[in-house]
Novice: 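Below: one structure in structure tokens.
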Amino acid sequence: MSEQLTLASRWDAADDIVRFLWLVTSRHLPEWVRHPLIAAGVTFAVHEGLGWLRTRFGESPDADLPVQESDSRVR
């Protein structure tokens with residue numbers, strides 16, 4: 001008997017993630033657990049969003065690194 005692997009669509013996965021986040025941020029967890037989780041999630045989202053904006057609209061992440069040039073020739 002062969003089993004088929006069914007992958008969820010992006011929207012199904014996004015719906016599951018939103019439901020999970022709603023459960024985590026609702027009143028099912030004590031405040032001392034809920035608030036650090038919310039803060040970590042927001043920090044991660046801001047960090048990733050700023051990184052995406054930086055690569056999308058401007059400088060590359062390696063723009064601050066100096067370029068080392070050598071005088072050796074490649075044969």
Side-chain angles (χ1 to χ4, degrees):
M1 180 176 175
S2 66
E3 295 182 21
Q4 292 182 349
L5 178 64
T6 304
L7 298 176
S9 70
R10 288 183 190 174
W11 295 109
D12 290 337
D15 185 44
D16 291 341
I17 291 170
V18 168
R19 285 182 185 200
F20 174 74
L21 291 175
W22 177 256
L23 288 174
V24 168
T25 58
S26 65
R27 304 215 179 261
H28 293 285
L29 291 175
E31 287 185 17
W32 64 272
V33 174
R34 185 175 55 227
H35 291 177
L37 283 176
I38 293 170
V42 169
T43 302
F44 177 76
V46 168
H47 175 73
E48 289 298 315
L50 290 175
W52 178 80
L53 286 173
R54 187 179 303 119
T55 57
R56 174 78 168 94
F57 295 112
E59 63 184 72
S60 65
D62 298 331
D64 296 337
L65 300 176
V67 177
Q68 296 179 354
E69 296 181 12
S70 63
D71 293 336
S72 64
R73 292 184 178 208
V74 177
R75 295 182 187 205

Novice: Determine all donor-acceptor pairs shorter than 3.5 Å in which one atom belongs to a side chain in residues 30-44; sequence neighbours excluded.
Specialist:
residue : atom : partner : partner atom : Å
Arg34   : NH1  : Ser26   : O            : 3.1
Arg34   : NH1  : Leu29   : O            : 3.0
Thr43   : OG1  : Ala39   : O            : 2.8

Novice: Could you grab the distance from atom CD1 of Ile17 to atom CG of Asp12, nearest 0.5 Å is fine?
Specialist: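 Atom-to-atom, Ile17:CD1 and Asp12:CG are 11.0 Å apart.
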Novice: If the condition is salt bridge (Lys or Arg N to Asp or Glu O under 4.0 Å), which residues does Asp15 pass it with, not counting sequence neighbours?
Specialist: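 Applying salt bridge (Lys or Arg N to Asp or Glu O under 4.0 Å) to Asp15 gives Arg19.
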